[in-house]
There are 2 protein chains.
Amino acid sequence: MQLELSVDRGSPVPLYFQLSQQLESAIEHGVLTPGTLLGNEIELAARLGLSRPTVRQAIQSLVDKGLLVRRRGVGTQVVHSRVKRPLELSSLYDDLETAGQRPSTKVLVNTLVAASAEVAAALGVAEDSEVHQLERLRCTHGEPMAYLCNYLPPGLLDLDTGQLEATGLYRLMRAAGITLHSARQTIGARAATAAEAERLGERSGAPLLTMERVTFDDTGRAVEFGTHTYRPSRYSFEFQLLVRP
Amino acid sequence: MQLELSVDRGSPVPLYFQLSQQLESAIEHGVLTPGTLLGNEIELAARLGLSRPTVRQAIQSLVDKGLLVRRRGVGTQVVHSRVKRPLELSSLYDDLETAGQRPSTKVLVNTLVAASAEVAAALGVAEDSEVHQLERLRCTHGEPMAYLCNYLPPGLLDLDTGQLEATGLYRLMRAAGITLHSARQTIGARAATAAEAERLGERSGAPLLTMERVTFDDTGRAVEFGTHTYRPSRYSFEFQLLVRP
DNA sequence: CAGTGGTCTAGACCACTGA
DNA sequence: CAGTGGTCTAGACCACTGA
């Protein structure tokens with residue numbers, strides 16, 4: 001079976017990207033079945049009228065995504081397991097929306113406060129300096145699912161309550177021109193305090209899933225510090241990991 | 001300040017790797033401070049007597065690790081925030097050992113059983129076919145920390161109780177020539193059952209952190225299915241995420 | 001405008017794999 | 001042994017950034 005591949009040199013889309021997109025879609029649609037050998041890079045390059053480095057760049061991006069495996073002396077194969085997207089720095093709001101859960105958000109606190117020692121350390125600002133404080137209740141199907149507390153450095157973003165109820169925080173940040181780069185997360189569990197139980201509709205002492213996160217932009221500035229609690233019956237963290245070679 | 005970089009063409013270590021190692025160590029030791037511009041690729045290549053693609057390959061690997069940021073028209077900069085290693089498919093045993101926690105393992109079950117529907121689906125074997133079952137209690141400082149239940153397909157690995165108590169499962173797999181490729185994980189929380197509480201030294205109904213995982217090798221075969229429970233007072237998941245560009 | 005990284009070519013030699 | 005991916009060279013032209 002010969003896979004139909006072609007590139008358009010008139011397109012502004014890079015050639016390696018055109019190729020990797022076609023391969024990815026062929027894998028996702030089952031045209032390239034698991035275990036298939038791709039054919040060697042030099043022949044593939046000749047067939048497409050591309051240079052070998054360009055073909056390698058396309059293949060490499062799919063290896064990085066976990067869709068292909070390369071073995072010296074053997075060839076490049078489509079991975080057998082259905083690899084979903086590896087873990088990304090994703091927005092809870094976007095994840096829920098993608099899953100068709102129709103999330104809703106209620107902003108309970110949106111104000112400026114003096115940074116506590118913990119918040120100041122996380123955001124890298126002076127203690128007692130002003131920071132934004134945000135508390136939101138996220139529901140799906142009208143039921144509370146998570147309670148989100150966030151702190152943001154001042155002057156970064158217009159935090160409009162209306163917008164915060166219509167979309168997620170990460171999307172607002174990106175729209176404000178902030179380039180998210182990395183985040184440090186801690187996921188744990190503990191018993192709900194009376195106040196937490198009340199907010200989430202659980203009983204006091206019930207198990208809660210917790211997440212603490214500091215997000216950085218590409219200049220290394222902390223742009224957000226959040227402490228979130230989730231109802232474990234309604235939410236868990238699910239992700240794909242790739243072993244780095 | 002001029003950073004001292006040099007490559008040894010007599011070494012079997014690839015040139016791009018020699019360079020990326022030197023840059024990484026300079027960043028980790030603070031010789032290259034956050035925000036520093038690396039100097040353009042062409043000049044860097046000339047200085048080292050390398051071609052530009054080789055220099056790019058070195059830089060790219062550090063961009064992938066989150067240590068450098070590239071901006072067209074601007075240059076390549078050392079990231080400001082201390083980025084630790086991004087999330088890897090790591091072994092709990094290795095993580096604890098690295099943290100100086102001196103983990104110990106007690107094997108409670110090491111036997112062959114008929115696969116339940118859940119286990120069969122996870123491992124991709126027939127229901128009721130024979131699989132290895134493993135139950136281990138992991139302690140640090142003599143205190144229980146996690147209870148690990150694992151299932152493995154038959155014939156993959158010699159599961160020696162002595163070795164299992166001396167090291168981690170992933171290390172045994174790698175030693176057996178298995179190339180780990182990816183894993184699908186779910187992290188959640190729930191209340192401890194009476195049996196679970198007993199095993200971990202908690203009270204019944206106490207919150208537990210849970211992890212479910214299927215690990216695949218590079219041929220796409222499921223090599224392990226695990227359901228783990230952790231005492232949240234003694235363990236949490238901590239990791240760094242990078243935003244994929 | 002000058003300077004940067006992004007993309008691309010057309011080769012070369014090598015190490016490793018499996019028959 | 002033939003076939004594969006891994007590494008490397010010495011260029012080229014382009015798009016984007018910021019002064």
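First the proteins, then the strands, lettered A, B, ... as listed; each starts at 1. As a basis for the values below, the full set of heavy atoms in this structure was taken, side chains included, without hydrogen atoms, waters or symmetry mates.
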Rounded to whole Å, please give me the gap between CG in A/L38 and P in D/dG5. 8 Å

Report the secondary structure of DNA chain C in dot-bracket form, marking unpaired bases with a dot and bases paired to a different strand with |, and treating Watson-Crick or G-U pairs with both distances under 3.5 Å as paired. ||||||||||||||||||.

Backbone of B/V13 reached by a side-chain donor or acceptor of B/Q18 within 3.5 Å: yes

Rounded interatomic separation in angstrom, taking CD from B/Q77 and C1' from C/dT4: 12 Å

Report the residues that fulfil side-chain contact (heavy atoms from CB on, under 4.5 Å) with A/P14, sequence neighbours left out, ordered by chain and then residue number. A/Y16, A/F17

Describe the nucleic acid contact of B/L15 in one word from base, sugar-phosphate, nothing, applying a heavy-atom distance below 4.0 Å. sugar-phosphate

Are B/R184 and B/E212 close enough for a salt bridge, meaning some N to O gap below 4.0 Å? no

Can you measure B/L48 atom CG to D/dA10 atom P for me and round it to whole angstrom units? 14 Å

Could you list the residues that satisfy salt bridge (charged side-chain N to carboxylate O under 4.0 Å, His left out) with B/D160, not counting sequence neighbours? none

Calculate the interatomic distance between A/R9 atom CZ and C/dT7 atom C1'; express it in whole Å. 11 Å

For C/dT7, take OP1 and OP2 only and decide whether either is under 4.0 Å from a side-chain N or O of A/T54. no

Rounded to whole angstroms, how far apart are CD on B/E43 and P on C/dG3? 12 Å

Check this one for me: any side-chain N or O of B/Y16 less than 4.0 Å away from OP1 or OP2 of D/dT7? yes

Can you tell which of C/dT4, C/dG6, C/dA10 lies closest to the side chain of B/N40? C/dT4

Give me each pair satisfying salt bridge (Lys or Arg N to Asp or Glu O under 4.0 Å) with a member in residues 52-61 of chain B, each pair once, sequence neighbours excluded. B/E41-B/R52, B/E41-B/R56

What string of B, S and - do you get for nucleotides 13-19 of chain C, 5' to 3', if B is base contact, S is sugar-phosphate-only contact and - is no contact with any protein heavy atom under 4.0 Å? --BBB--

Mind checking side-chain hydrogen bond (donor to acceptor under 3.5 Å, both in side chains) for A/T105 and listing every partner two or more places apart, or none if nothing turns up? A/R138

Would you say B/T76 places a side-chain N or O within less than 4.0 Å of OP1 or OP2 belonging to C/dT4? no

Could you check how far CD of B/E41 sits from P of C/dC8, rounded to whole Å? 15 Å

Between B/I59 (CD1) and C/dT4 (P), how many Å, whole number? 12 Å

Sorted by chain and number, sequence neighbours left out, salt bridge (charged side-chain N to carboxylate O under 4.0 Å, His left out) with B/R72 holds for none

Taking only side-chain nitrogens and oxygens of B/R56, does any of them come within less than 4.0 Å of OP1 or OP2 of C/dG6? yes

Grab the CD1-P distance between A/I42 and D/dC8 for me, whole Å please. 17 Å

Do A/Y93 side-chain atoms and A/A166 backbone N/O form a donor-acceptor pair below 3.5 Å? yes

Sequence neighbours left out, what passes ring-ring contact (aromatic ring centres under 6.0 Å, His included) with B/F237? Give chain and number order. B/Y230, B/Y235

Would you mind telling me which residue lines up with the more 5' stretch of DNA chain C, B/G39 or A/V55, judged by nearest nucleotide? B/G39

Selection residues 116-128 of chain A - residue pairs positive for side-chain hydrogen bond (donor to acceptor under 3.5 Å, both in side chains), sequence neighbours left out: none

Determine the contact category for A/P53: base if any of its heavy atoms lies under 4.0 Å from a base atom, sugar-phosphate if only primed atoms, P, OP1 or OP2 are that close, otherwise nothing. base

